[in-house]
Amino acid sequence: MQSFPAPALAMVEKMRAEAATDPMRAIAWQGSPGANSHRAGMEFAPEALPLPSFSFEDAIDAVKQGRAGCAIIPIENSQHGRVADIHFLLPESGLAIVAEYFMPITHALMALDTKGPFEAAYSHPQALGQSRHYLRERDIVPISYSDTAGAAAFVADSGNPFIAAIAPKIAADLYGLKVIDDQVEDASDNMTRFVVLAKEGRDPAELAGEAAMTTLIFEVKNIPAALYKAMGGFATNGVNMTKLESYQKGASFSATMFYADIIGTPGDAAVDRALEELAFHCKELRILGTYAQARKRG
């Protein structure tokens, strides 16, 4: 609890107490009240009880320990790439992806006083990256903080009128700051994709007839052209892969894991054939979840 800035603590304590009365209705998210993940959780599940967590790991642990029915985690942004390192967090968690949610992102510059000039702006690295041109043009130094709303709470608690925060506009109201400038993000089409995690995955049969996604991780055999061969099954079976990212497994740099999103579900004949061929060329293959598309692909 003491990891949250002082102005946020009372709200965090109240939200946690309410979530504890009905854990299965609780949705965990990373950040202080007013963060984009808080907003995403309430838009995705308006009836849910918000459960703030200091880190992504804490939000995942809340689900694993039964303090929340699900967690909502941002995984990628249209302007600044990967957000949470879902490649490591999700496989280790034992949780499954059960839904996705896309949310337009806007940021505001806020401070204790409107006069300035502002020497620095505190925010989550993603928000700073999404507003880097704005900050550079004004000679404002970006300083990383654990989350956007927490940065706003920190600035409010600092008493320093020469520092600012970049956060959702609602954070200014929550923490008593003044909005200096709205929509400071560098691109008007700024969008973040969130995934919803739960203990039990969705049965692919439930999604029959729906546009659906399947997320998986795999490690190909350490032989020449293994990845090329592994991908061939998706091409020959007409299965569209919308995302493929690599990351190192362990510290040896001798093994590479791949994270992929495909359109379709296990149980579909074409997907099953593609996954069977993929498995033949892999040392490891794990499906992390099958879920309805929140936005049409292709």
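Because the structure is predicted, anything quoted here is derived from the model rather than measured.
- Criterion: ILVMFWY side-chain heavy atoms under 4.5 Å apart, direct or through other members. Under it, F56 and Y259 are part of a common hydrophobic cluster.
- The main-chain N or O of E277 is never found under 3.5 Å from a side-chain atom of K229 such that the two would form a donor-acceptor pair.
- We find the CG-OG1 distance between L207 and T290 to be 7.0 Å, quoted to the nearest 0.5 Å.
- Ring geometry, F154 versus Y122: the interplanar angle falls from 30° to 60°, so the pair is classed tilted.
- Residues L90 and M213 are members of one and the same hydrophobic cluster, defined by side-chain heavy-atom contacts under 4.5 angstrom among Ile, Leu, Val, Met, Phe, Trp and Tyr.
- When every heavy atom of V179 is checked against every heavy atom of A172, the shortest pair comes out as CG2-CB, 3.7 Å.
- Distance check, rounded to the nearest 0.5 Å: CG of L89 to OG of S55 gives 8.5 Å.
- Checked by atom type and distance alone, the side chain of D261 never pairs as donor or acceptor with a backbone atom of T215 at under 3.5 Å.
- More than 12 non-hydrogen atoms from other residues, nucleotides or ligands lie less than 6.0 angstrom from CG of L285.
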_Using the rule given for side chain to side chain contact (heavy atoms under 4.5 Å, CB included), can you reason through L275 versus L216, listing the C-alpha separation, both sets of side-chain angles and the distance that settles it, and then say yes or no?_
CA-CA 10 Å; L275 292 177; L216 54 118; 4.1 Å; yes
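- Residue pairs meeting the ring-ring contact (aromatic ring centres under 6.0 Å, His included) criterion with at least one partner in residues 211-233, sequence neighbours excluded, are F218-F258.
- Annotation: side chain of E219 is in contact with side chain of M257 (closest heavy-atom distance under 4.5 Å).
- Nearest heavy atom pair, residue T148 against residue A127, reads CG2-CB, 3.8 Å.
- Considering only heavy atoms from C-beta on, K243 comes within 4.5 Å of E76 through its side chain.
- Atom OH in Y247 sits 4.0 Å away from atom CD1 in I217 (nearest 0.5 Å).
- Between the NZ atom of K115 and the CZ atom of F162 there is a distance of 9.0 Å, given to the nearest 0.5 Å.
- The shortest distance between side-chain heavy atoms of Y175 and M11 falls below 4.5 Å.
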*Could you check R67 against R16 for side chain to side chain contact (heavy atoms under 4.5 Å, CB included), going step by step and ending with a plain yes or no?*
CA-CA 9 Å; R67 293 182 286 112; R16 287 186 170 179; 5.9 Å; no
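- Under the 4.5 Å side-chain heavy-atom criterion for grouping Ile, Leu, Val, Met, Phe, Trp and Tyr, V196 is connected to I105 within one hydrophobic cluster.
- Checking side-chain atoms of N237 against main-chain N and O of G233 turns up a donor-acceptor pair under 3.5 Å.
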_Let's go through T106 and K169 carefully: what are the C-alpha distance in whole Å and the side-chain angles of both, what is the deciding distance for side chain to side chain contact (heavy atoms under 4.5 Å, CB included) to 0.1 Å, and is it a yes or a no?_
CA-CA 8 Å; T106 60; K169 198 173 181 180; over 6 Å; no
_Stepwise salt bridge (charged side-chain N to carboxylate O under 4.0 Å, His left out) test for R297 and E100_ = CA-CA 13 Å; R297 271 55 158 210; E100 64 177 359; 2.6 Å; yes
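- Of all heavy-atom pairs between Q30 and F54, the closest is NE2-O, 3.3 Å.
- The distance from the CD1 atom of I262 to the CG atom of L278 is 8.5 Å, given to the nearest 0.5 Å.
- In this model, no donor atom of one side chain and acceptor atom of the other lie less than 3.5 Å apart for T214 and T265.
- The shortest non-hydrogen separation linking A19 to L51 is CB-CD1, 4.0 Å.
- Closest of all the heavy-atom pairs between L244 and A260 is CD1-CB, 4.1 Å.
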*asked:* Using side chain to side chain contact (heavy atoms under 4.5 Å, CB included), reason through H107 and N190 one step at a time and then give a plain yes or no.
replied: CA-CA 10 Å; H107 299 299; N190 195 14; 4.0 Å; yes
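- Applying the 6.0 Å contact sphere to CD of E43 captures more than 12 heavy atoms from other residues, nucleotides or ligands.
- Between the R25 side chain and the E47 main chain, a donor and an acceptor come within less than 3.5 Å of each other.
- Here the options are S32, P52, S53, the test is side-chain contact (heavy atoms from CB on, under 4.5 Å), and the partner is V12; only P52 passes.
- Under the 4.5 Å side-chain contact rule for hydrophobic residues, V239 and I287 share a cluster.
- If you chain together hydrophobic residues whose side chains sit under 4.5 Å apart, V98 and L95 never meet in one group.
- Inter-residue side-chain proximity for S93 and I60 is flagged as met; some heavy-atom pair is nearer than 4.5 Å.
- For the pair M103 and N36, the minimum side-chain heavy-atom distance is below 4.5 Å.
- S246 contributes no side-chain N or O that, together with a main-chain N or O of T256, makes up a donor-acceptor pair within less than 3.5 Å.
- Looking only at side-chain heavy atoms (C-beta outward), I73 and L197 come within less than 4.5 Å of each other.
- Interatomic distance, CE of M231 versus CE of M241, reported as 4.0 Å (0.5 Å rounding).
- Residues S123 and I166 come closest through the heavy atom pair OG-O, 2.6 Å.
- In terms of modelled atom types and a separation under 3.5 Å, the side chain of R136 and the main chain of H133 share no donor-acceptor contact.
- Side-chain N or O atoms of R286 include one that pairs as donor or acceptor with a backbone N or O of P91 at under 3.5 Å.
- Atom CD of E210 sits in a crowded spot, with more than 12 heavy atoms from other residues, nucleotides or ligands closer than 6.0 Å.
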